[in-house]
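Counting convention: from 1, in listed order, for ligands and their atoms alike. Residue indices begin at 1 and follow the sequence shown.
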Amino acid sequence: MEAETKSRSKLVSAQRESALPWHDLRSWIAQIEQHGELARINAEVDPHEELGAVTLLASRQDNSPALMFEKLKGDTTHSRILINMLGASRERYALAVGLDPSATTPEMIQATRSIMNEPIPPVMVPKDQAPVNEVVLTGKDIDLTRFPVPTFWPGDGGQFIGTGDITLTASPETGRINVGCYRQMLQGPNRIGLYCSPGKHGLLDREAWWARGEPCEVVAAYGIDPVLFMLAAQSFPVEESELDVAGGIMGRPVQLTKAERVSLPIPANAEFVVEGVLRPGQVMPEGPLGEFTGYYGRERSPQPVMEVLAVHHRKSPILTHALMARYPSCEIGAYYAIMRSARILDDLEHIGVPGVVGAYSHPAAASGWGMVVVSMRQKYVGHSAQVLALAAQCPAAAYYTKWVIVVDEDVDPSDFHDVLWALSTRCHPSEDIDILRNTWSTGLDPSRFPAEMRPYGSKVLINACKPHQHLKDFPQSTLLRKSVHDRVRERWSELGFSGPAPKMTTFHPEKS
Ligand SMILES: Cc1cc2nc3c(=O)[nH]c(=O)nc-3n(C[C@H](O)[C@H](O)[C@H](O)COP(=O)(O)O)c2cc1C
Ligand SMILES: [Mn+2]
């Protein structure tokens with residue numbers, strides 16, 4: 001991680017010198033509205049399929065705004081729905097975490113590494129100071145069917161209350177609280193289905209409680225600020241707390257407050273929170289949902305059901321939702337690609353392998369889960385093969401990823417023109433491709449049959465670095481002489497071009 005370290009701090013915008021300027025979802029919405037990054041839809045929209053259709057069509061470009069649906073058909077609760085909160089927008093990601101929105105993607109990844117490594121633990125605030133407690137419902141007063149709960153796609157198996165959510169569970173052994181983002185299907189006035197993939201922490205916690213014959217407590221928030229939402233979808237080791245990392249990113253502690261019926265805390269500034277329990281053996285048919293893969297997944301199957309014991313919400317709550325679709329219309333877009341890439345670079349640094357320069361999980365590859373490209377400076381025999389194998393199985397990249405590619409340092413992993421060039425000119429398929437089998441994946445991958453085998457994935461490892469034994473005699477790539485490049489840039493407007501002159505970063509070796 002040599003070259004980039006020094007440039008990290010200057011990318012962290014002035015905002016970050018203190019806490020971020022927004023403190024909850026409402027002030028975040030005000031901030032993006034000021035930047036022209038929000039569209040309010042005041043006309044009535046049906047949460048059944050129409051909301052999904054408007055969102056899909058409005059998000060066909062990577063700079064499309066966040067969408068606030070103000071009036072949902074049939075709703076008597078005065079709820080609103082925010083969707084495409086971050087989506088494919090690098091600008092909204094930068095605004096959410098206090099980075100310079102004009103930074104390049106590799107710069108944002110490096111800056112993200114530093115802000116994700118300054119944890120601040122959460123604090124508890126009194127219940128009566130928690131905005132989420134404006135309305136508290138328990139027992140027979142709970143009726144989630146009154147709220148506008150979308151069906152996104154024509155083939156969805158139900159209404160999904162949890163898509164843009166965060167979900168808290170705790171380990172019975174250590175008490176450590178996990179924050180994940182898992183889909184949740186409405187199963188009745190006080191029943192919610194919860195689907196977690198194999199190996200995910202929410203599932204491991206639930207299995208550990210059920211193995212003891214005890215119910216697993218759950219807290220889920222369906223109207224949540226962008227940082228907690230983004231952090232819930234990152235994979236951290238169980239020794240690290242997603243809540244602490246979120247606090248670090250915001251420059252102030254996450255505020256929690258006591259729940260009514262469970263021992264887990266609830267996020268104090270959320271818009272809408274449910275508390276409940278998953279009782280051992282209680283399952284109901286769940287799914288499918290039109291997913292991040294661009295397909296329905298997984299097939300309808302029995303999944304745990306939460307019995308909802310309390311509901312908290314702000315008046316006229318803003319429910320956050322996430323459309324799952326092909327890029328760029330998927331909520332898991334730019335932010336996920338950047339944060340996942342930052343986590344992969346952290347993992348490789350912790351392992352201690354030298355020479356790694358950059359990484360990128362492009363969001364068009366099934367929300368970044370499908371592919372990882374790592375760039376590196378080759379230092380010794382077998383080095384590129386080592387980085388390739390470690391990248392394939394490091395914790396942040398192991399899940400799902402099918403295509404793992406390693407490239408030399410002159411290739412920008414976030415630039416697909418560069419990556420395809422390296423694949424087409426430096427990789428010799430008969431020498432440079434290996435396959436790993438029975439790797440960690442998910443029931444949502446449509447490519448494997450029979451369907452029960454889907455969680456067993458496979459990965460192709462592609463070495464697109466110049467062959468080490470031919471580094472000296474490998475044909476030179478066509479690069480400009482730096483002095484000529486600089487002169488042409490200076491003459492750019494004289495030559496009749498408008499706008500800033502393009503800039504190259506690698507040059508013809510001066511001696512030849
Ligand atoms: C909008 C959205 C929906 C998601 N839905 C699911 C889901 O239904 N089940 C699942 O296992 N993971 C889902 N994920 C992925 C997990 O959030 C992600 O794998 C994360 O690492 C889980 O947290 P954990 O590592 O603490 O288990 C979703 C992510 C996002 C952003
Ligand atoms: Mn976790």
For atom 24 (P) of ligand 1, closest protein heavy-atom neighbour: Tyr182 OH, 3.6 Å
Side-chain donor-acceptor pair under 3.5 Å between Asn117 and Asp346, yes or no? yes
Just by modelled atom types, is the Ala96 backbone N or O under 3.5 Å from a matching donor or acceptor in the Trp22 side chain? yes
Thr105 and Arg90 side chains, donor-acceptor separation under 3.5 Å: yes
Taking the minimum heavy-atom distance to atom 3 (C) of ligand 1, which of Gly202, Cys181, Gly297, Gly199 ranks first? Cys181
In plain terms, say whether Glu349 and Arg113 are close enough for a salt bridge, that is, a side-chain N and a carboxylate O under 4.0 Å apart. yes
Given Arg92 and Met85, is the side-chain contact (heavy atoms from CB on, under 4.5 Å) satisfied, shown in steps? CA-CA 8 Å; Arg92 287 203 292 287; Met85 168 154 71; 6.0 Å; no
At less than 4.0 angstrom from any non-hydrogen atom of Tyr335, what atoms of ligand 1 do you find? 31 (C)
Nearest heavy atom to atom 22 (C) of ligand 1 wins, so pick from Ala232, Pro237, Ser235, Cys196. Ala232
Spell out the protein N/O/S atoms under 2.8 Å from the Mn ion (ligand 2) as residue plus atom name. Asn178 OD1, His201 ND1, Glu242 OE2
Ser341 (side chain) donor-acceptor with Ser361 (main chain) under 3.5 angstrom: yes
Are side-chain heavy atoms of Met371 and His362 found at a separation under 4.5 Å? no
Suppose I only count heavy atoms of Gly180 and a 4.0 Å limit; which atoms of ligand 1 are within that range? 23 (O)
Mode of Leu203 contact toward ligand 1 - side chain, backbone, both, neither (heavy atoms, under 4.0 Å): neither
Which residue owns the protein heavy atom closest to atom 11 (O) of ligand 1, what's the atom, and how far is it? Ser197 N, 2.6 Å
Not counting sequence neighbours, which residues clear salt bridge (Lys or Arg N to Asp or Glu O under 4.0 Å) with Glu271? List them please. Arg26, Arg314
When you check the gap from the basic side-chain N to the acidic O, do Glu307 and Arg261 get nearer than 4.0 Å? no
Can you sort out which atoms of ligand 1 are near Met324, meaning under 4.0 Å from one of its heavy atoms? 1 (C)
With the side chain counted from C-beta on, respond yes when Ser79 and Leu72 share a heavy-atom pair under 4.5 Å apart, and no when they do not. no
Distance from atom 8 (O) of ligand 1 to nearest protein heavy atom, with residue and atom: Arg183 N, 2.8 Å
Does Glu242 reach ligand 1, in the sense of a heavy atom lying below 4.0 Å from it? yes
Look only at interatomic distance and state if Asn178 has a nitrogen or oxygen under 3.5 Å from any nitrogen or oxygen of ligand 1. yes
Using a heavy-atom cut-off of under 4.0 Å, does the side chain or the backbone of Thr442 touch ligand 1, or both, or neither? neither
Would you say the side-chain atoms of Trp209 pair up with the backbone N or O of Pro280, donor to acceptor, closer than 3.5 Å? no
Test of understanding: with salt bridge (Lys or Arg N to Asp or Glu O under 4.0 Å), list the residues that count as partners of Glu91, not counting sequence neighbours. none
Please say whether His201 places an N or O atom under 3.5 Å from an N or O atom belonging to ligand 1. yes
Qualifying residue, where the test is ring-ring contact (aromatic ring centres under 6.0 Å, His included) with Trp369 and the options are Phe292, Trp440, Tyr400, Trp403: Phe292
Have a look at Cys330, Ala233, Gly164 and point out the one with the heavy atom closest to atom 18 (C) of ligand 1. Ala233
Pick one of side chain, backbone, both or neither for how Ala322 approaches ligand 1, counting any non-hydrogen atom pair under 4.0 Å. side chain
If you scan protein heavy atoms around atom 19 (O) of ligand 1, the nearest is Lys200 NZ, 2.9 Å
Does Gln184 have a heavy atom less than 4.0 Å from any atom of ligand 1? no
Given 3.5 Å as the limit, does a donor-acceptor pair link the side chain of Gln255 with the main chain of Val125, or not? no
Non-neighbouring partners of Asp445 that pass salt bridge (Lys or Arg N to Asp or Glu O under 4.0 Å), sequence neighbours left out: Lys402
May I ask you to identify, for Gln234, whether its side chain, its backbone, both or neither come under 4.0 Å of ligand 1 on a heavy-atom basis? backbone
Contact with ligand 1 for Asp165, non-hydrogen, under 4.0 angstrom: no
Inspect the contact between Glu44 and Lys73 and indicate whether a charged nitrogen and a carboxylate oxygen are less than 4.0 angstrom apart. no
Suppose I only count heavy atoms of Val179 and a 4.0 Å limit; which atoms of ligand 1 are within that range? 26 (O)
For atom 9 (N) of ligand 1, the closest protein heavy atom turns out to be Tyr195 O, 3.0 Å
